[in-house]
Asks: 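Structure incoming, see below.
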Amino acid sequence: MTTSKRPTAGRPRSAAALSPLSPLSSEAGDALDAPRERGRRQRVQSAETGMVVLKGLARLGGRASLTALALHVQQSPAKVHRYLMSLVEEGLVAQDADSQHYYLGLEAMLLGVAAMRQADPVRAAEPALVRLREAFEVTCFIAVMGNKGPTIVRFEEPGLPVTINVRIGSVMSVLWSAAGRVFLGLLDDPQVLAMAESELSHATPEHRTQLDASDPIGALRASVRAAQGACVRDTNLTGISAIAAPVFNYDGRLVGVITALGATGGFDARMDSPIGEAVRREALAASHALGYRPPLPGGA
């Protein structure tokens, strides 16, 4: 008796043929993954564009017309309008019914309040102080204005520090220290001016010769504002020179001063020297970490 073989046509494939490790299965998986990956990239790009629009509105003062905002972010008005509608739905942006201008909404304000609560000038300045110390091998610190004057609250020293008699908690002179001069020049505070007047009244003739004869405090303040910083040589500490620059918070208020100092013989205490430019650059970086953004040119 002979047995005939059963036809193979239409028979199910073996388990091996259906294995997820087989080439056919891998190609099918890749084909399914490609649309998902494209969709993910599109969502990421959309989120990035939405953040550009939101940040652009903030940079324009928190309120702007569609035309001005589109010009600022360099996108078409139609595209910016689509993203604004999504931001309006999320409460991050609102629109004025009369002017049709867009402005930051309640959710954006709540985010800002939460961020401001975490803003700490000392914490913001720490990376800047470390970079200055490592790049120039100098002693540096940040001071804030206390009840008795500019007070050091964070201090960094290189491997071979310069011997000075100031540490965390030390109060600096308003007139004769670089940090104090920045506070004097950029703070319109009657208490700070009174401190300067008191120090001037007790100044030695040698110290007085370093200031303008007709308007010592006024001229000093004007020079600090013009330079956006201050430098001193052998005024506060004999043999020590220093450069200081301001740290501003989100609304442009002076909240701290970063200072670098070194032995006068080997320290180039000029605002346009490499160390002077670095101090100003790091102070600006700390300011940015606190939300500070310089005003746009021309009041735009």
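Start at 1 with the first residue, then count along the sequence.
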Asks: Quick check: does any side chain N or O of Ser198 sit under 3.5 Å from a backbone N or O of Ala194, one acting as donor and the other as acceptor?
Replies: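 Answer holds: no.
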Asks: Start with the C-alpha gap between Gln210 and Thr235, add the side-chain angles, then the distance that decides, and say whether side chain to side chain donor-acceptor pair (under 3.5 Å) holds.
Replies: CA-CA 9 Å; Gln210 300 178 27; Thr235 57; 4.9 Å; no
Asks: Is the backbone N or O of Ala269 less than 3.5 Å from a side-chain atom of Arg233, with the two atoms forming a donor-acceptor pair by type?
Replies: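 Flag set: sc Arg233 to bb Ala269 pair under 3.5 Å.
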Asks: If Ile, Leu, Val, Met, Phe, Trp and Tyr residues are connected whenever their side-chain heavy atoms lie under 4.5 Å apart, and connections chain through other members, are Val182 and Trp176 in the same group?
Replies: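 Val182 clusters together with Trp176.
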Asks: Fit a plane to each ring of Tyr292 and Phe248, take the angle between them on a 0 to 90° scale, and name the class: parallel (under 30°), tilted (30 to 60°) or perpendicular (over 60°).
Replies: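 Rings of Tyr292 and Phe248: tilted, as their planes differ by 30° to 60°.
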Asks: Between atom CZ of Arg133 and atom CZ of Phe141, what is the distance when rounded to the nearest 0.5 Å?
Replies: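 Rounded to the nearest 0.5 Å, the CZ-CZ separation comes to 15.5 Å.
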Asks: Any salt bridge between Asp188 and Arg221, counting N to O under 4.0 Å?
Replies: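 A salt bridge links Asp188 with Arg221.
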Asks: Check whether Phe155 and Val130 end up in the same hydrophobic cluster, where Ile, Leu, Val, Met, Phe, Trp and Tyr are linked by side-chain heavy atoms less than 4.5 Å apart.
Replies: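 The answer is no; the residues belong to distinct hydrophobic clusters.
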Asks: Check for me, please, whether Val52 and Leu71 land in the same ILVMFWY cluster - side-chain distances under 4.5 Å, paths through other members count.
Replies: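 As far as the 4.5 Å side-chain criterion goes, Leu71 and Val52 are not connected within one cluster.
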Asks: When hydrophobic residues are tied together by side-chain contacts of less than 4.5 Å, even through go-betweens, does Val171 share a cluster with Val255?
Replies: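 No; Val255 is not reachable from Val171 via cluster members.
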Asks: Counting only heavy atoms from other residues, nucleotides and ligands, does the tally under 6.0 Å from CD of Glu206 exceed 12?
Replies: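 No.
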Asks: Is a donor on one side and an acceptor on the other found under 3.5 Å between the side chain of Ser177 and the backbone of Leu175?
Replies: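 Here the side-chain-to-backbone pair does not exist.
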Asks: Once rounded to the nearest 0.5 Å, what's the spacing between atom CZ of Arg208 and atom CG of Asp212?
Replies: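 One finds 12.0 Å between CZ of Arg208 and CG of Asp212.
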Asks: Salt bridge check: are Arg131 and Glu156 linked by an N-O gap of less than 4.0 Å?
Replies: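 No, Arg131 and Glu156 are not salt-bridged.
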